[in-house]
Amino acid sequence: MKFLKTKILCLGLMALSAAGYSQTTLKTDYFKIVIDQKGYITSMQNMTKKPNREFSPADKPSPLMVIYNAKKRLYNYPEQASYSASDKIMTLRYPNGSTARISILPQAKYFKMKLLSLTNSEEIEAIQWGSYHTNITNLLGEIIGVSRDTSESVNYAIGMLALNDNTLGGTADIQGDAAPFQYIIHSPDASRFPLPNNLHEGQVFTLGGNGISDVAFYAHKEPYYRIMYGNAAEVDKNGRISISYQSRDRRSPREVYYSLIPNMPSNKPNHLQVQPISGVDFIGSTVAFWGSPDSTALMDVVQDIVRKEGLPYPTVNGKWVKDPAAYVPDILTEGGHYDNMINYTDRLGFKAISLYDQGFLRPDRGNEGYIDGKNFEHKPLKFSKGNALSHKEYAALAAKHNIVIGRTPITNSLAPGTKDASPVPSDSIWYQQKRLLAKDISSTDTLIYVDDPTHLEEIGSWEGHVKSLNMIKIGKELIHYLGVSDTKPYRLLNVKRGYWKTTASAHQAQDTLYKLQVTIDYGYDGLIPNIQLQDKIAEYYADVCAINGLGYYDFDGQEFLFNNGHGYYSAKRFFRKMFERAKQHGLADIRFTGATLSEGSWHYQSIWNVGGGKNLYDAQTREWGSATSQGKDLRDVCYANFFPVGMGGNFPITEKSTVEEYEHIQAMSVGTGSTYSLKLNQQQVESCLQKDAIFKTIRTWENARAANAFPRWVKKNLVDPSQSFRLEELDKDHWNIYRVNKDGSGKKLLSKLTRAKGY
């Protein structure tokens, strides 16, 4: 048997082929993969150490790409593969007769893979990259798709990133393109955290509580209960981690049965029509597939992919927001007085003030972005001596200190009384179902007959199923109802006309009736826009920043971006539109946190300071979540997904606050790689006798963090809650860090710290 051998000098690419057998070997500086004659990855090796460690399980080869028939819920796996080394194109053939052509371009630090074409694709709704199976059992990054072994002995990670908006983290069979929010069982270290006999790897559990209170979701402090914010990484029964990305054809109408929390009675799925989007399909789907030492993966490989492929790259202080040296807390205002907030923020070295005590900022395009009036005549920001400022005026004062101010919106929720909701609802509100009126109705009729009752009995939304938001739209009228009759002629029950102060009017038979997709109550009440109106709302938020001087948002209700059935694609599109509009205005990157973190927001989102207090980090007991498991759960999610951990709105400076408390908070923040929103009430701060010393302590730690002065071994010490530390600044480039007793006594030098090169 004679083999043909082709050697490509660039990046060590090699293909071997012969009659009846062929394989393709591809290399980067850090990673080698082998693809067999069927189109499966059979080897993934670490190229940075000898011998090259193997990460592909012998019993689970990984399909390079699979295709998915959503109507039949059927995956088709490749059965034959051939590779053209000259064109760098892999051709895959499938049992259904489809043929895929995939460009595979090895780069120095990753493989760039793009779907060029797919034949016989009429019944194919989605394609899936992978799943790529590894034998790693340590950390799974379910949001961005990464499998990590953080041990000193292995120190390796394998991951993917989407290189276009319609390629999403997760598997193709997920309803609504946003994976269920739930717990799975996974021990990150079986020797330290062995599973009880009644649990097994990959087992699924619902969240805690009633499904409405988000604090109660977090119900398991055990380290092997892993909360999931996506499924771009999953575990098998042996705890081995697999990673997946998918891309869907969005050009045709479809229906999903969707809930973000489908395992709870209060959040059972709804049948939801999904808006077709012209020109958006899976051809052109592109991913970066990489492997590298875990300890340098974020700043060496992931950052390289983001920059070279033109992915969103927001910065703070001139550094990428994912750079741990760029992590910085923010101020969260309480008490309604703002005399000293800018001064406090400046002294602390923070860069943003969240005006949380101003309440929700609702997207109302009726004000054209002028949240304080066209002449900025409204002055909501009060000072203790009686004077007050508009947002624009206060933002101008903050900007002198390189500080931005921000507000908390309800993302895309169209609230009653706003331009697109009522009293004249937009024709661009999205819906769960579309039906026809069976009979004419007058402006006072409450007997509303429909042609088809299917799914009209479902209470609107998937979250909480709030009865007060169960409504239909006919023309420009909103109508509330509850239920539909069981027998012909089918009619809506418990009807209220002219809902949300819309105008009740006559409608004719065969007029279209839209059962609207909605949000939840508790002040979040609103309607969900279609994708084009959502684009306009994203641009509106950038306009608000440009007009009023804002540069920070806390997107509460961020999960509402999934409510149109487009999931992470919807979130990506929303934030891309906002950032592009901000760039048109000449604005700096908008810093934002929000109610969730997803593959759709990961690139754009700076921080994730959701919740707060003892639910997130308890500085007194020194534990991640003493009241609930929220702190532990969100810490594990963020850390595994190369994202700054959030400590929430926390650590108010009060009359009883001490320097030692904030030495510990800052040590834990730097060691873990976390941020927080420091709650400041002006009256309480001024009552603190150690105020100035606390400010100086926090600023010292933040200066050293921004200088990237903490080596990994020091950070490992900082996260030990049994230890206490003190940091002293010698000059702008040098610090000494000491171990101390909990009361601050007994100072012993741990290390001398120096500003890192380039920082």
request  = Give the intermediate values and the outcome of side chain to side chain contact (heavy atoms under 4.5 Å, CB included) for residues Thr150 and Tyr156.
outcome  = CA-CA 7 Å; Thr150 60; Tyr156 204 75; over 6 Å; no

Which residues pass the side-chain hydrogen bond (donor to acceptor under 3.5 Å, both in side chains) test with [X], sequence neighbours left out?
X: Tyr604; answer: none
X: Ser84; answer: Ser86, Asp87
X: Arg226; answer: Glu142

Side chain of [X], backbone of [Y]: donor and acceptor closer than 3.5 Å?
X: Gln45; Y: Phe31; answer: no
X: Tyr617; Y: Gly612; answer: no
X: Thr672; Y: Ser674; answer: no
X: Asp249; Y: Glu125; answer: no
X: Asp543; Y: Gly369; answer: no
X: Ser606; Y: Val321; answer: no

Side chains of [X] and [Y]: donor-acceptor distance under 3.5 Å anywhere?
X: Thr167; Y: Ser285; result: yes
X: Ser242; Y: Ser131; result: no
X: Asn609; Y: Thr675; result: yes
X: Thr134; Y: Ser147; result: yes
X: Gln128; Y: Thr171; result: no
X: Glu539; Y: Gln584; result: no
X: Asn412; Y: Tyr541; result: no
X: Glu309; Y: Tyr110; result: yes
X: Arg250; Y: Asn166; result: yes

4.5 Å side-chain heavy-atom contact, [X] and [Y]:
X: Leu678; Y: Pro329; result: no
X: Trp735; Y: Arg755; result: yes
X: Ile241; Y: Tyr132; result: no
X: Asp554; Y: Arg407; result: no
X: Asp177; Y: Tyr568; result: no
X: Asn650; Y: Leu616; result: yes

How would you list, by chain and number, every residue that makes a salt bridge (Lys or Arg N to Asp or Glu O under 4.0 Å) with [X], sequence neighbours excluded?
X: Lys577; result: none
X: Asp281; result: Arg251
X: Arg240; result: Asp59, Asp236

query = Are Arg705 and Glu702 close enough for a salt bridge, meaning some N to O gap below 4.0 Å?
reply =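 A salt bridge is present here (some side-chain N lies under 4.0 Å from a carboxylate O).
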
Carboxylate-amine/guanidinium proximity below 4.0 Å for Lys351 and Asp330 = no

request  = Indicate, with yes or no, if the rings of Tyr258 and Phe562 have centres closer together than 6.0 Å.
outcome  =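 Distance test on ring centres: not under 6.0 Å, no.
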
request  = Kindly state whether the ring of Phe575 and the ring of Phe555 have centres lying under 6.0 angstrom apart.
outcome  =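 Yes.
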
request  = For side chain to side chain donor-acceptor pair (under 3.5 Å), just list the numbers for Thr28 and Gln107, CA-CA rounded to whole Å, side-chain angles, deciding distance to a tenth of an Å, and then say yes or no.
outcome  = CA-CA 6 Å; Thr28 71; Gln107 310 295 311; over 6 Å; no

key: Among Arg573, Arg576, Arg581, the one residue meeting salt bridge (Lys or Arg N to Asp or Glu O under 4.0 Å) with Asp535   =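 When Arg573, Arg576, Arg581 are each tested with Asp535, the salt bridge (Lys or Arg N to Asp or Glu O under 4.0 Å) holds only for Arg573.
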
All side-chain contact (heavy atoms from CB on, under 4.5 Å) counterparts of [X], not counting sequence neighbours:
X: Ser117; result: Arg101
X: Val610; result: Trp608, Gln630, Leu634
X: Pro188; result: Asn138, Leu139, Phe193
X: Asn548; result: Ile371, Phe376, His391, Val544, Leu550

Using 0.5 Å steps for rounding, measure from the [atom1] atom of [X] to the [atom2] atom of [Y].
X: Leu260; Y: Gln175; atom1: CG; atom2: CD; answer: 13.0 Å
X: Trp602; Y: Lys572; atom1: CH2; atom2: NZ; answer: 11.5 Å
X: Thr593; Y: Arg591; atom1: OG1; atom2: CZ; answer: 9.0 Å

message = Between Tyr40 and Ile35, is the side chain to side chain contact (heavy atoms under 4.5 Å, CB included) condition met? List the steps.
response = CA-CA 5 Å; Tyr40 284 75; Ile35 305 172; 6.0 Å; no

query = Does Phe643 have Lys322 sitting over its ring (NZ/CZ under 6.0 Å from centre, angle to axis within 45°)?
reply = no

ask   = Cationic tip of Arg148 within the cone over Tyr639's six-membered ring, i.e. under 6.0 Å and within 45° of the normal?
value = yes

query = For the residue pair Ile405 and Ala395, what are the closest heavy atoms and their distance?
reply = CD1-CB, 3.8 Å

inquiry  = side chain to side chain donor-acceptor pair (under 3.5 Å) for Ser244 and Glu234? Distances and angles first, verdict last.
reply    = CA-CA 8 Å; Ser244 310; Glu234 300 177 294; 4.8 Å; no

inquiry  = Taking ring pair (Phe, Tyr, Trp, His ring centres under 6.0 Å) as the cut-off, I'd like each qualifying pair that reaches into residues 293-315, sequence neighbours left out, listed once.
reply    = Tyr313-Trp320

Determine whether more than 12 heavy atoms belonging to other residues, nucleotides or ligands lie under 6.0 Å from atom [atom1] of [X].
X: Lys583; atom1: NZ; answer: no
X: Lys319; atom1: NZ; answer: yes
X: Lys109; atom1: NZ; answer: yes

inquiry  = Using 30° and 60° as the class boundaries, would you call the ring planes of Phe350 and Tyr676 parallel, tilted or perpendicular?
reply    =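 It falls in the perpendicular class, over 60°.
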
task = Can you run down the salt bridge (charged side-chain N to carboxylate O under 4.0 Å, His left out) pairs that involve residues 558-568, sequence neighbours left out, and say none if there aren't any?
result = none

key: From CA spacing to verdict: side chain to side chain contact (heavy atoms under 4.5 Å, CB included), Val34, Thr24   = CA-CA 6 Å; Val34 176; Thr24 303; over 6 Å; no

